[in-house]
Amino acid sequence: MEFRSEDQAWLAQFVLDELGIVIGEGKGSLLQARLLPVIRQFELDGPTELMKSLRVLRQVEVRRAVLDAMTTNETSFFRDPQSFDSLRERVLPELLEARRAERALTIWVAASSSGQEAYSLAMLLQEVIPDLAAWRVRIVATDISSAMLERTRQGVYSQYEVNRGMPAPLLVKHFERRGAKWAVKEDLRKMVEVREYNLVRPTSPAPRADLVLLRNVLIYFDLPTRHQILDRARAALRPDGYLVVSRTESLLEGRDLFEPAFGGSGGIFSPLRTSPAGRLAS
Ligand SMILES: C[S@@+](CC[C@H](N)C(=O)[O-])C[C@H]1O[C@@H](n2cnc3c(N)ncnc32)[C@H](O)[C@@H]1O
């Protein structure tokens with residue numbers, strides 16, 4: 001039940017081409033661990049039959065399942081609480097003041113995994129916008145993994161998942177029991193729009209946004225790809241908007257596109273007005 005080295009190389013290239021994700025050293029065991037469940041799911045004989053489905057028959061469902069399996073979907077509610085503190089105390093107050101006349105705010109959660117990040121934001125917005133009903137607030141959650149997008153649409157989480165990062169009062173306020181699980185209440189679910197978006201090879205325009213969250217995903221890509229993604233994020237952002245990355249990312253690869261905001265803490269960045277080519281940001 002092992003992939004031949006030629007198949008490993010083909011798979012690594014397939015994942016690089018489709019997702020931009022670089023599979024480095026030790027790919028044999030990684031591919032093995034991630035793809036055995038796919039082999040079982042489609043009741044295939046083993047790696048050889050999987051490779052045939054991918055390369056010869058080009059079966060769309062199998063290709064999609066393989067790509068899904070190669071994504072890392074680790075996430076949690078209010079992950080990296082200091083970033084949420086910065087959003088609550090500095091970024092959102094400023095943006096809400098700037099958008100007071102139009103009463104509209106769009107937040108793009110790129111690489112949203114199973115939805116905890118988007119719903120954390122929805123809870124935060126309910127807290128900081130007392131007259132929320134008078135605003136048009138959109139949280140657009142995108143990812144490449146169809147399984148993760150479906151989970152976000154459902155908004156149903158296990159006890160373990162809600163225990164990770166969610167303060168108990170918020171669980172009681174925004175979730176209802178569904179058997180052994182917890183479902184996001186309808187008012188919160190309606191704030192989140194879910195759609196597929198490949199950061200590396202987008203086939204549709206990115207949402208025009210006041211705030212873009214691009215957290216814990218750039219690490220999977222090589223430097224030129226990161227730069228392209230950041231360039232597109234900058235183009236999607238309104239000039240006075242903000243980009244949030246994970247607090248551990250310096251964003252050195254995008255220093256011609258963004259500059260640290262609020263003293264550089266919390267992973268918050270502002271778009272620079274001129275691009276490397278010198279054209280003005282829209
Ligand atoms: C580690 S999770 C991060 C989730 C969330 N942003 C957070 O910080 O908790 C990385 C996500 O990136 C997604 N991803 C990987 N490659 C992608 C691509 N090319 N386009 C869009 N999403 C991608 C994965 O499917 C996964 O859900």
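Just follow the structure's listing: the first ligand is 1, and inside any ligand the first atom is 1.
- Scanning the protein for heavy atoms near atom 7 (C) of ligand 1, the closest one is Arg79 NH1, 3.3 Å.
- Using a 4.0 Å cut-off between a side-chain N of Lys or Arg and a carboxylate O of Asp or Glu, Asp17 and Arg201 do not qualify as a salt bridge.
- Between Arg34 and the options Thr71, Thr72, Val15, Ile23, a side chain to side chain contact (heavy atoms under 4.5 Å, CB included) holds for only Thr72.
- Using a 4.0 Å cut-off between heavy atoms, Tyr220 contacts ligand 1 through its side chain alone, with no backbone atom that close.
- No side-chain heavy atom of Pro47 sits under 4.5 Å from any side-chain heavy atom of Asp7.
- Contact annotation: for Arg215 versus ligand 1, heavy atoms closer than 4.0 Å belong to both the backbone and the side chain.
- Ion pairing between Lys52 and Glu49 fails under the 4.0 Å rule for side-chain N and carboxylate O.
- The closest protein non-hydrogen atom to atom 4 (C) of ligand 1 is Ala111 O, 3.4 Å.
- Counting only distance, with no hydrogens or angles, the side chain of Arg189 and the backbone of Val184 share no donor-acceptor pair below 3.5 Å.
- For ligand 1 and Leu19, the ligand atoms under 4.0 Å from any heavy atom of the residue are 19 (N).
- From the protein, the heavy atom lying nearest to atom 8 (O) of ligand 1 is Asn216 ND2, 2.8 Å.
- Regarding atom 5 (C) of ligand 1, its nearest protein heavy-atom neighbour is Glu117 OE1, 3.2 Å.
- Regarding atom 15 (C) of ligand 1, its nearest protein heavy-atom neighbour is Ile21 CD1, 3.9 Å.
- For ligand 1, the atoms closer than 4.0 angstrom to any heavy atom of Ser113 are 4 (C), 27 (O).
- Counting protein heavy atoms only, atom 20 (N) of ligand 1 is closest to Leu199 N, 2.9 Å.
- Here the protein heavy atom with the shortest distance to atom 27 (O) of ligand 1 is Asp143 OD2, 2.7 Å.
- The existence of a salt bridge linking Arg151 and Glu161 is confirmed by a sub-4.0 Å separation between a basic side-chain nitrogen and an acidic carboxylate oxygen.
- For Glu2, the CD atom is loosely surrounded, since the number of other residues' heavy atoms within 6.0 Å does not exceed 12.
- Between Asp68 and Ser146, the closest side-chain pair of non-hydrogen atoms falls below 4.5 Å.
- Close approach of ligand 1 to Tyr197 (heavy-atom distance below 4.0 Å) involves ligand atoms 20 (N), 21 (C).
- Of all atoms in ligand 1, numbered sequentially from 1 with element shown, those under 4.0 Å from a heavy atom of Asn73 are 24 (C), 25 (O), 26 (C), 27 (O).
- Ring to ring, Phe78 and Tyr119 are not that close: their centroids are 6.0 angstrom or more apart.
- The nearest non-hydrogen atom to atom 26 (C) of ligand 1, considering only Thr75, Thr71, Thr72, comes from Thr72.
- The closest protein non-hydrogen atom to atom 23 (C) of ligand 1 is Ile144 CG2, 3.3 Å.
- For the 3.5 Å distance criterion, the side chains of Ser53 and Gln59 qualify, holding a donor opposite an acceptor.
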